[in-house]
2 protein chains.
Amino acid sequence: MTSPSSADPAARPLRADAERSVRTILEAAERVLSANPAASMEQVAEAAGVARTTIHRRFATRQALMDAMADAAVAQLRAVVDEGRPETAPPLVALHEITANVLRTKISWRFALDLPAAPGSPAAQGQRDVARRCLELFGRARDLGLLAARTDLEWARRVYYALIGEALHGDDAGTDPDVLAGRVVDTLLHGLAPAAEPAPPLNRCRRSVAAPAPAGEGWEGREPWGGCLDRDGSADA
Amino acid sequence: MTSPSSADPAARPLRADAERSVRTILEAAERVLSANPAASMEQVAEAAGVARTTIHRRFATRQALMDAMADAAVAQLRAVVDEGRPETAPPLVALHEITANVLRTKISWRFALDLPAAPGSPAAQGQRDVARRCLELFGRARDLGLLAARTDLEWARRVYYALIGEALHGDDAGTDPDVLAGRVVDTLLHGLAPAAEPAPPLNRCRRSVAAPAPAGEGWEGREPWGGCLDRDGSADA
DNA sequence: GACAACCGCGACAGTCATGTTGCAGTTCCA
DNA sequence: TGGAACTGCAACATGACTGTCGCGGTTGTC
């Protein structure tokens with residue numbers, strides 16, 4: 001977890017105890033704001049075991065704290081996606097590995113990963129990068145026949161993100177991330193119908209996803225790796 | 001849309017203009033709070049074209065307004081689920097119909113349907129009822145061989161809710177609800193892999209969903225029909 | 001050991017939102 | 001048509017939260 005101060009190379013490095021304080025504040029903020037997004041800075045300070053003025057010393061405003069949380073969480077996310085080797089490992093192996101890694105990260109940074117990233121911020125760039133690599137991984141899988149040839153990659157990415165988000169809700173959120181990852185990948189690829197006997201379609205035009213892929217970088221919505229959402233400023237959803 | 005006053009049979013019925021005001025306030029609140037969950041009562045009043053005191057005349061507190069929104073939206077949801085005849089129509093027909101209906105409703109009441117329902121409120125009861133009927137519909141589908149025999153119905157319900165939620169995000173949110181419903185149902189049943197040629201599993205135990213069904217009524221998370229969330233009081237966009 | 005960095009304390013100012021109130025004008029319904 | 005219900009206005013009180021500040025004590029690093 002990089003501290004915000006080390007994100008600014010021009011800034012003098014913090015003393016070790018200040019580094020620890022920053023990390024403690026970010027982790028406490030994640031816990032407190034996950035439980036109640038409207039919690040006050042005072043409540044975050046109490047959870048971190050520091051004075052409110054100490055938070056203000058390190059983060060000028062409440063928004064600055066949120067931005068730092070988002071940046072730190074997305075940096076963590078990028079790292080665990082890297083570990084899954086999406087460009088080089090066999091696609092399904094990479095997919096499973098990345099899914100498990102992302103689930104672990106999201107467990108710890110659920111709130112921070114759902115924060116809307118400020119445009120141009122490291123978090124926003126990181127989100128875009130992760131989404132791009134996800135699309136590329138799905139593209140490789142499709143090229144290898146692991147996804148239906150007509151798969152809309154953008155829809156696939158959104159479904160994948162939604163399943164990851166959902167895997168962390170409910171009573172089984174404490175389940176091993178590898179088990180959850182298996183479930184997510186299996187549901188993503190095979191759905192709920194019995195294997196090898198697809199049900200007759202409801203309509204004659206049997207396309208899994210017919211809509212054209214949306215243009216450009218307009219990704220949004222609830223990514224398993226975090227994501228911006230159109231409810232501006234809000235943490236929920 | 002029933003007004004909150006008519007939900008209280010002991011209360012005298014409102015005059016017609018007051019009924020219109022209440023409806024206008026609820027609809028304006030949905031629009032304004034969807035865009036910004038932290039919007040003030042003043043902003044809701046402006047959007048509704050009434051004075052803030054008029055809102056306070058009909059809803060004692062901000063929370064009372066939210067509760068009324070949730071109750072009204074869930075009543076609407078129950079109605080559109082009824083229209084899909086989940087108990088009597090063939091399961092896939094019912095599923096498609098209900099999905100399209102729910103998408104239409106959720107388009108108009110997205111914020112209200114995501115509000116946490118107060119325990120014991122009509123909204124909470126309605127949510128439970130809808131979830132129960134969803135599980136029953138999936139049970140019927142499984143009994144007819146339309147879902148894999150080992151399907152975890154609770155996971156299926158959560159996946160279904162997640163897909164409905166996701167269908168409303170992204171650039172294609174303006175797409176016809178029937179098209180979106182087709183997409184949701186198809187993805188739910190068949191996933192993204194090519195039809196009739198399931199990919200070899202990553203692990204030898206090839207179960208689509210192995211975890212036992214969670215107990216009782218502990219449903220939570222993001223239902224397509226709305227749902228409580230563990231972020232208390234937050235609407236988080 | 002010196003010194004700079006770090007932290008906590010308590011207070012203060014400002015902003016914002018909510019909830020309430022009385023009163024006068026308007027609208028609807030029997 | 002009369003009267004009750006409905007609504008808007010402006011003000012007020014309260015509470016909560018954020019951001020800032022000066023100062024003194026503590027800690028870490030060279």
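Convention: sequence-line order gives letters A, B, ...; per-chain numbering from 1.
Regarding B:Gln43, its CD atom lies at a distance of 14 Å from the C1' atom of C:dT18, rounded to whole Å. Going from atom CG of A:Asp17 over to atom P of D:dT29 covers 7 Å, rounded to whole Å. What separates NE2 of B:His56 from P of D:dA11 is a distance of 17 Å, to the nearest Å. Taking atom CD of A:Glu42 as the reference point, atom P of D:dT18 lies 9 Å away to the nearest angstrom. Summarising the geometry, the separation between CZ on A:Phe59 and P on C:dC6 is reported as 13 Å, rounded to the nearest angstrom. Protein atom CD1 of B:Ile25 is 12 Å distant from nucleotide atom P of D:dC6, rounded to whole Å. Note: CD (B:Glu19) to P (C:dC28) measures 14 Å, nearest angstrom. Residue B:Asn36 contributes atom CG, which lies 13 Å from atom C1' of C:dA17 at whole-angstrom precision.
The side-chain hydrogen bond (donor to acceptor under 3.5 Å, both in side chains) check on B:Glu136 picks up B:Arg132, with sequence neighbours excluded. In this structure, the side-chain contact (heavy atoms from CB on, under 4.5 Å) partners of B:Arg133, at least two apart in sequence or on a different chain, are B:Val81, B:Asp82, B:Pro86, B:Glu87, B:Asp129. Residues that satisfy the side-chain hydrogen bond (donor to acceptor under 3.5 Å, both in side chains) test with A:Glu97, not counting sequence neighbours, are absent from this structure.
Residue-to-nucleotide proximity on DNA chain C shows that, of B:Ser40 and B:Arg20, the 5′-proximal contact is made by B:Ser40. Along DNA chain D, the nucleotide nearest to A:Ala60 and the one nearest to B:Gly49 differ in position, and the one closer to the 5' end is contacted by B:Gly49. Take the nearest nucleotide of DNA chain C for B:Ala16 and for B:Arg62: the residue whose nucleotide is more 5' is B:Arg62.
Salt-bridge annotation for A:Arg157 and A:Asp152: absent, with no side-chain N of the basic residue lying under 4.0 Å from a carboxylate O of the acidic one. A salt bridge links A:Lys106 and A:Asp114; the closest N-O separation between the charged side-chain nitrogens and carboxylate oxygens is under 4.0 Å. Between B:Arg62 and B:Asp67 there is no salt bridge, since none of the side-chain N atoms of the basic residue sits less than 4.0 Å from a carboxylate O of the acidic one.
Relative to the side chain of A:Met41, the nucleotides D:dG19, C:dA17, C:dC29 differ in distance, and D:dG19 lies closest.
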Sub-3.5 Å pairs of nitrogen or oxygen atoms, protein against nucleotides 1-5 of chain D:
{"residue": "D:dA5", "atom": "OP1", "partner": "B:Arg12", "partner atom": "NH1", "Å": "3.3"}
{"residue": "D:dA5", "atom": "N3", "partner": "B:Arg15", "partner atom": "NH1", "Å": "2.8"}

Quick test: give all pairs of protein nitrogen or oxygen and nucleotides 9-13 of chain C nitrogen or oxygen below 3.5 Å, distance rounded to 0.1 Å.
{"residue": "C:dC9", "atom": "N4", "partner": "A:Thr53", "partner atom": "OG1", "Å": "3.4"}

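Between B:Thr105 atom OG1 and B:Ile164 atom CD1 the span is 10.0 Å, to the nearest 0.5 Å.
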Review item, side-chain donor-acceptor pairs of residues 37-52 of chain B, under 3.5 Å, at least two apart:
{"residue": "B:Ser40", "atom": "OG", "partner": "B:Glu42", "partner atom": "N", "Å": "3.4"}
{"residue": "B:Ser40", "atom": "OG", "partner": "B:Gln43", "partner atom": "N", "Å": "3.2"}
{"residue": "B:Ser40", "atom": "OG", "partner": "B:Gln43", "partner atom": "OE1", "Å": "3.4"}
{"residue": "B:Gln43", "atom": "OE1", "partner": "B:Ser40", "partner atom": "N", "Å": "2.8"}
{"residue": "B:Arg52", "atom": "NH1", "partner": "B:His56", "partner atom": "NE2", "Å": "3.4"}

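Residues A:Leu95 and A:Phe138 have side chains in contact (heavy-atom distance under 4.5 Å, counting atoms from C-beta outward).
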